[in-house]
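Inspection log for the structure reproduced underneath, given as structure tokens.
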Number of protein chains: 2
Amino acid sequence: MQKLFNAPLYAQIREEIFAALRSGRWSANDPLPSETKLASEFSVSQGTIRKAIDDLVAQNILYRHQGRGTFIRRHDEQQSLFRFFNLSRTDGTKPVPESLNIHCKTRKGLKHECLALQVPTGDRLIEVLRLRRLDGQPVILETILVSQQRFPELNKRDLPNTLYELYSDDYNVHITRAEEQIQATLPDATVISHLNLEPTIPLLEIRRIAFDLHDQPVELRISQCVTGSFVYTCSLN
Amino acid sequence: MQKLFNAPLYAQIREEIFAALRSGRWSANDPLPSETKLASEFSVSQGTIRKAIDDLVAQNILYRHQGRGTFIRRHDEQQSLFRFFNLSRTDGTKPVPESLNIHCKTRKGLKHECLALQVPTGDRLIEVLRLRRLDGQPVILETILVSQQRFPELNKRDLPNTLYELYSDDYNVHITRAEEQIQATLPDATVISHLNLEPTIPLLEIRRIAFDLHDQPVELRISQCVTGSFVYTCSLN
DNA sequence: TCATATAATTCATATATAAGACTTAGATGA
DNA sequence: TCATCTAAGTCTTATATATGAATTATATGA
């Protein structure tokens with residue numbers, strides 16, 4: 001393989017592999033071709049393939065298992081419950097969140113919602129409202145918004161606790177990263193009734209936008225959280 | 001270099017380099033010995049040294065500059081203001097935080113404070129109270145707590161905007177990472193007066209513990225933030 | 001059924017070469 | 001004489017490849 005432009009070889013290969021990944025060339029269940037196979041396909045050495053894959057592993061898009069192969073990172077039940085869930089007990093341990101769906105309907109998106117999802121203003125969205133319990137206590141009221149066009153019939157399905165697994169399995173939409181914005185708010189009437197709160201209790205409002213393999217915003221999720229026994233945790237490096 | 005136990009060579013080298021780093025063997029201003037020099041010192045190949053350093057770079061403990069060398073990551077004015085600062089404008093851009101010191105005194109630590117800092121209960125702490133402005137508005141009231149024993153005379157100094165730089169330059173304490181816990185609260189009298197608030201405005205309370213090279217907790221910092229024009233942001237991968 | 005061999009994978013290490021960045025000697029000119 | 005530019009040399013990290021080891025799953029046979 002010749003070196004083009006000024007980008008190092010491994011970076012070019014990384015982009016080619018990533019592009020192949022996005023195009024759905026390999027199933028999310030089977031391993032990728034082995035490093036040696038990819039090496040001969042791209043006509044570079046195994047070490048170069050390895051370095052390319054290193055980057056994708058660092059981005060959490062792939063993971064490796066010595067002796068078995070390299071796989072696409074999926075949101076499966078076990079890890080998905082924790083990977084994108086930053087609420088923990090005050091001692092740092094993480095509770096297992098449970099979900100209770102309250103409703104699931106379609107409606108026209110508001111301006112700021114459509115902007116966040118990068119769909120035309122006024123497009124129809126699917127709204128899921130659900131209550132989440134931690135250690136048995138109702139702690140979070142969660143509003144989930146996705147494009148109806150992108151997730152047809154989602155509102156007619158049985159929604160599992162881990163939605164990202166459903167997106168991946170049934171819609172071929174793979175969530176790779178998310179951005180969260182956090183504010184302090186006071187609860188509105190809906191939150192007060194579902195979480196059974198005093199109106200003066202301050203809440204954490206988490207606004208999350210989740211992105212897919214193409215780095216397109218796919219889901220807007222607004223969570224209202226009571227933070228008595230639980231705290232939002234974040235590591236800085 | 002012989003391989004001991006089952007740990008790969010590069011991992012052993014990484015730990016040795018890290019230990020040397022902690023012991024203060026190299027100045028924080030000069031580059032480390034070159035990869036080839038380290039290679040001959042440890043009797044391994046340059047590639048193995050490189051892989052060891054890769055890990056330390058990934059941990060943000062070192063950084064590299066092609067052609068110049070490998071350096072210890074310091075908290076200098078430019079980056080330090082942003083690196084450990086997660087508040088941004090709602091559009092995602094980051095304001096430059098300013099600081100106004102309100103007081104700096106010593107007192108006996110409370111139980112939870114000493115626990116967080118891993119010092120004996122009742123040890124004397126230095127408390128810095130300061131107001132931080134973003135875009136000219138008073139937004140954060142910050143209480144900073146460190147061990148007096150660890151930072152002698154800190155209360156008699158002129159405190160800069162970026163404390164971590166001071167810790168590093170004057171006390172040889174290098175902050176490498178931090179953990180933040182976030183809750184929603186209502187302001188107490190002190191906060192109300194300094195931030196000029198209505199008592200019913202909910203606040204973000206950020207409790208940060210900062211760790212040094214030895215992974216010892218060094219500083220406890222509790223920030224009370226108004227989140228009207230600003231939000232706490234966090235990326236999930 | 002269990003141990004063992006075998007074939008597949010990724011992982012670890014060493015070597016060689018490329019590319020970037022400072023240093024310094026020397027030329028140039030005012 | 002002094003300041004300034006230039007280019008070569010030598011330092012640095014970055015990239016690419018080759019070889020063998022470690023790990024895992026599977027097939028094989030007693």
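Proteins come first, then strands; the chains are lettered A, B, ... in the order of their sequence lines, and each starts at number 1. In what follows, every heavy atom counts, from backbone to side chain, and hydrogens, waters and symmetry copies are set aside.
- Of the residues in residues 48-59 of chain A, those lying under 4.0 Å from DNA chain D by heavy-atom distance are A:Thr48, A:Lys51.
- Base pairing analysis places D:dA30 opposite C:dT1; the two distances defining the Watson-Crick or G-U wobble pair are each below 3.5 Å.
- Side chains of A:Asp212 and A:Tyr167 form no contact here, defined as non-hydrogen atoms less than 4.5 Å apart.
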Short N/O separations, protein against nucleotides 6-10 of chain D, under 3.5 angstrom:
none

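- Taking atom CG of A:Leu38 as the reference point, atom P of C:dT9 lies 10 Å away to the nearest angstrom.
- In this model, the phosphate group of D:dT12 is not approached by any side-chain N or O of B:Arg64 to a distance below 4.0 Å at OP1 or OP2.
- In this structure, the side chains of B:Asp30 and B:Phe71 stay at 4.5 Å or more apart for every pair of heavy atoms.
- The A:Gln66 side chain lies nearest to D:dA22 when the options are C:dA19, C:dT9, D:dA22.
- Phosphate contact (OP1/OP2 of C:dT9, side-chain N/O of A:Thr70, threshold under 4.0 Å): absent.
- Across all strands shown, A:Gly47 has heavy atoms under 4.0 Å from base atoms, whether or not it also approaches the sugar-phosphate.
- Considering only side-chain atoms of B:Tyr10, the nucleotide from C:dC11, D:dA14, C:dT13 that sits closest is C:dT13.
- Nearest to the side-chain atoms of A:Arg68 among the listed nucleotides D:dT24, C:dT13, D:dT15 stands D:dT24.
- Within the structure, a side-chain polar atom (N or O) of A:Ser34 is placed less than 4.0 Å from OP1 or OP2 of C:dT9.
- For D:dC11, neither phosphate oxygen OP1 nor OP2 lies less than 4.0 angstrom from any side-chain nitrogen or oxygen of B:Thr36.
- Side-chain atoms of A:Arg208 come within 3.5 Å of backbone atoms of A:Phe84 as a donor-acceptor pair (strictly under, hydrogens ignored).
- Between the CZ atom of A:Arg14 and the C1' atom of D:dA16 there is a distance of 16 Å, given to the nearest Å.
- For B:Arg14 and B:Phe18, the positive end is not near the middle of the six-membered ring at less than 6.0 Å and at most 45° from its axis.
- Listed nucleotides: D:dT24, C:dA21, D:dT13. Nearest to the side chain of A:His65: D:dT24.
- Taking each heavy atom of A:Ser27 and A:Ile72 in turn, the nearest pair found is O-CD1, 3.9 Å.
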